[in-house]
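In what follows, a structure is listed as structure tokens, so that the remarks can point back to it.
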Amino acid sequence: MQKLYADIIVDITQEKLDRTFQYIIPDRLREKLEVGMLVQVPFGKGSRTIKGYVIKLTDTAEFDLSRLKEIQEIVTDGLGPQSRLVRLAAWIREQYGSAMIQALKTVIPVKKKIKAREKKSIRLIMDREKAVSQLEFYRKKHQAARARLLEALLEDAELPYELAAGRLNITSAVIKALEEQQVIVCSSEKVYRNPLKGEMAEGQHISLNAEQQAAAEGIIRAWEAGDDRPSLIHGVTGSGKTEVYMELIAHVVENGQQAIMLIPEIALTYQTVMRFYRRFGERISVVNSRLSDGEKYDQFERARNGDIDVMIGPRSALFTPFQNLGAVIIDEEHERTYKSETTPRYDARETAIRRAEMEGARVVLGSATPSVESYYRALEGQYSLYQLKKRVREGELPDVCIADMREELKAGNRSIFSRRLLELTEDRLKNGEQVMLFLNRRGYSGFLSCRSCGHVLKCPHCEVSLSAHNNGKLVCHYCGYEEEIPHKCPSCGSAFLRGFKAGTQQIEELVRKQFPSARVLRMDLDTTKGKGGHDKILESFLNREADILIGTQMIVKGHDFPNVTLVGVLAADLSLHAGDYRCAERTFQLLTQAAGRAGRGERPGEVVIQTYDPSNYAVQAAASQDYEGFYWQEILFRSLAGYPPVSGMMAIHGTSEDQGQLELAMEYLKKLLDQIGKKNQLSIVGPADETVYKISDVYRKVLYVKHERREMLIMVKDRVEQYIEMNQGYKTINIQFELE
DNA sequence: AGCACGCCGACT
DNA sequence: GTCGGCGTGCTC
């Protein structure tokens, strides 16, 4: 198994060297060398010795053998944050299947030019008179480049390095020469930009209530007793999880360690950051998507240098290169933004647990509606579980009412608003209070349901809703099952089988028609496109510049509107029948969140959930804010239908511009899987079209593999990867793996 | 990034 | 001719 050659990346932070170089592995290192190791190699003309990371071990030389050099040495101190992250990248590659270089790039940001400008500068150290004569001297000697540089320096005594290299076309040789002649100095002073510029004093301490205290102390005691399991904090909305996080972070910092707090991108509000800033002062930093790559790199650099103790940010902040990481906290752990949508499709929660394991740190997950898999693990004992059941401000829970839309139809109401919702909206408008109308479109896939009995057309094999396609057929996105669209409801015989036309724009029109005097705001992808459009809309609604806010999930994320006393969920069914096994979970989370938006001020709130399926457990449990109740129903469904977390599941995504080739390839893969599966009791589902089966002329198909044990699925993935590598016919087809 | 190579103008 | 600076391109 020992390989002959190694692909090595020498300096990832340098854009031009951002690729691999192949080296020969000498006999004496062949046994020891592993992917992720830091090694010394001869590089460039003159073979100066530099360090590089091993990316891949291979037996095939992709380069003219006579030009390959040998690896010199394994660098023993592969213990810095950088090399730990490289090992994490190797794990990501292994786990989620991608090229090592891609994994590496997600873990270590590439230094961009922006950085150099801020960092390196050239300063004139000669006094003016002398410099002028020096300039004369260069001119006489026809040393154009030196003259050019000195001339520029006489205008501005200090120049950014990049400007010199760029506009003045000066090379490093020239700068070196002038440095030797003691005309200039190069300072590489690091000018970091702190995204939080000095506001407020630090050291503010908040006292915790009994429940918060118990959770924080319990976790710390477990840590000190050597319990390195991740902790899950299940805290109802408004129970003050953030205070617990801060307490834990303070503990970590006091021990001389650092902490990372992950938050879903959209939830990163100014208020949250300020709360941390007040507690921890200058020693925190924030990264978000608005930061340029250079700025992000700077913040990571600050962490590497030990200038900060706490990093707050989305998924990618997990890779902050701290020297001595103590804890990773993941807030709103159920959010799907923790799963990367691009290769490698890593899951930040799993990756955090892996990183913590490698570096001796702890992981804390928190949510008001924990994901089913996390709660399952907590109950299994893989995680330790802490509950926060009380709201900090003893606010009353909103009154939730479920409007049965089938009854509305029977009573002759064919509009999208139930009578209850209309009545309450009118009441709020009269009192000058605000209303939010929520359209939970997420995951909507075009299912068909009977408006008179609520029956939804489902796949007979997979227990998920079928989606209507343009070709007049109903399709299952797991196994590919198809049937003709029926004319009558198979359950009650009614002809009222309909899809949902779900668009915020149409809803806006209908609302305006229904309430001509109300001021209406709409918030969706269209209206938030511009810079800060998102904040602008929320702010104007907060300032009561509108009476009704219509929007998708983005309106229910963590914002407080004290004057909102009514929340209407227009069609709970939209996400409920999304055609994947997680739709009930998603619906429960969305509805719980939406309900949490009502009555945040002094007046109690009311919530109306409209649905054709009022007895559905996700709707019922959300209405009564009963997480446990929901969980047990859901886990029952998952174990009966063989879905995660009870069973392991892996998706194999195939994409290609050639539809025929793709179909063929996926069928072959299925056969291969069948073969592997004979001995191992794999269950194989599909192949089927993806929910969106074609994106910009690229066809997409998916195959699912299920097995009780996850390790088995990883083995299957390795086998399939090997198979693909051997078969050149797969060149036009891209295969990706996703473990659930 | 750092290094060498080849080009080009200036001067022994 | 040769010396030395300058810009370009490559590095397994």
Side-chain angles (χ1 to χ4, degrees), chain A residues 3-26 29-30 33 35 37-75 82 99-101 104 108-122 134-153 160-184 186-188 190 293-294 297 301:
Chain A
K3 305 286 186 185
L4 297 172
Y5 311 103
D7 284 354
I8 286 171
I9 194 156
V10 289
D11 188 354
I12 333 161
T13 60
Q14 223 57 57
E15 253 179 307
K16 276 185 192 146
L17 295 176
D18 182 18
R19 58 199 190 86
T20 58
F21 294 90
Q22 205 166 40
Y23 283 85
I24 295 167
I25 308 172
L29 298 180
R30 209 160 289 158
L33 201 67
V35 168
M37 279 184 166
L38 185 65
V39 292
Q40 280 195 332
V41 290
F43 189 73
K45 313 220 171 122
S47 286
R48 78 204 131 94
T49 301
I50 55 163
K51 286 172 187 161
Y53 291 101
V54 179
I55 295 304
K56 189 179 158 192
L57 301 175
T58 170
D59 274 328
T60 44
E62 309 238 315
F63 217 75
D64 188 10
L65 254 175
S66 61
R67 286 162 73 191
L68 290 190
K69 295 175 185 171
E70 279 193 6
I71 295 173
Q72 292 168 339
E73 217 62 64
I74 295 172
V75 179
Q82 198 95 337
M100 183 62 194
I101 190 129
L104 210 65
I108 296 171
V110 173
K111 192 198 298 187
K112 287 272 160 66
K113 281 191 185 120
I114 312 146
K115 217 238 149 180
R117 188 198 306 149
E118 281 185 60
K119 195 185 154 192
K120 257 188 172 172
S121 69
I122 303 162
Q134 186 77 10
L135 176 64
E136 218 32 58
F137 173 72
Y138 289 148
R139 286 221 173 101
K140 230 189 220 153
K141 289 196 88 178
H142 299 270
Q143 298 176 340
R146 293 175 190 193
R148 234 179 304 150
L149 178 60
L150 190 53
E151 200 173 14
L153 278 166
Y161 192 98
E162 199 224 6
L163 183 92
R167 193 132 49 92
L168 298 170
N169 206 15
I170 300 290
T171 55
S172 55
V174 177
I175 289 164
K176 221 186 212 164
L178 289 225
E179 224 177 343
E180 258 165 45
Q181 293 170 16
Q182 310 222 313
V183 182
I184 57 163
C186 278
S187 58
S188 55
K190 290 173 188 178
D293 283 348
Y297 185 92
E301 189 84 345

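So that the names make sense, note that chain A is the first sequence line, chain B the second, and so on, each numbered from 1.
Between A/Gln72 atom CD and C/dC12 atom C1' the separation is 13 Å, expressed in whole Å. Note: CD1 (A/Ile9) to P (B/dA1) measures 16 Å, nearest angstrom. Look at CZ on A/Phe21: it is 14 Å from P on B/dA1, rounded to the nearest Å. Across the protein-nucleic acid pair, A/Leu68 atom CG and C/dC12 atom P stand 9 Å apart, rounded to whole Å. Atom-to-atom, NZ of A/Lys176 to C1' of B/dA1 comes out at 10 Å; the value is rounded to the nearest Å. Here C/dT11 presents its P atom at 14 Å from CD of A/Gln22, a figure rounded to the nearest Å. We find that CD1 of A/Ile50 is positioned 13 Å from C1' of C/dC10, with the value rounded to whole Å. Atom CG in A/Leu149 sits about 10 Å away from atom P in C/dC6, given to the nearest Å.
Put simply, the side chain of A/Tyr23 gets close to the backbone of A/Pro42: a donor and an acceptor are under 3.5 Å apart.
Partner of A/Thr20 under the side-chain contact (heavy atoms from CB on, under 4.5 Å) criterion, out of A/Leu104, A/Val10, A/Ile8, A/Ile55: A/Ile55 alone. When the options A/Lys141, A/Gln134, A/Glu136 are evaluated for a side chain to side chain donor-acceptor pair (under 3.5 Å) with A/Tyr138, the one that passes is A/Gln134.
Here C/dC6 is the nucleotide among C/dT11, B/dC3, C/dC6 with the atom lying nearest to any side-chain atom of A/Arg146. Listed nucleotides: C/dC12, C/dG7, B/dC3. Nearest to the side chain of A/Ala145: C/dG7. Comparing B/dA10, C/dC12, C/dC6 against the side chain of A/His142 picks out B/dA10 as the nearest. Here the nucleotide nearest the side chain of A/Lys45, chosen from C/dC6, B/dA4, C/dC12, is B/dA4.
For C/dG7, one of the phosphate oxygens OP1 or OP2 lies less than 4.0 angstrom from a side-chain nitrogen or oxygen of A/Arg148.
Among the protein residues, A/Ala173 comes within range of no part of the nucleic acid, since none of its heavy atoms lies under 4.0 Å from any strand. If you check every strand for non-hydrogen atoms under 4.0 Å, A/Gln143 touches sugar and phosphate atoms only. Contact annotation for A/Phe63: base contact, defined as any heavy-atom pair under 4.0 Å involving a base atom. Among the atoms of the strands shown, only primed sugar atoms or phosphate atoms (P, OP1, OP2) are found under 4.0 Å from some heavy atom of A/Val174.
Taking the nucleotide of DNA chain B with the nearest heavy atom to each of A/Arg48 and A/Lys140, the more 5' of the two is matched to A/Arg48.
For the pair A/Leu4/A/Ile24, no side-chain contact is recorded, criterion being any heavy-atom separation below 4.5 Å from C-beta on.
One distance of note links OH of A/Tyr5 with CZ of A/Phe63; it measures 13.0 Å at 0.5 Å rounding.
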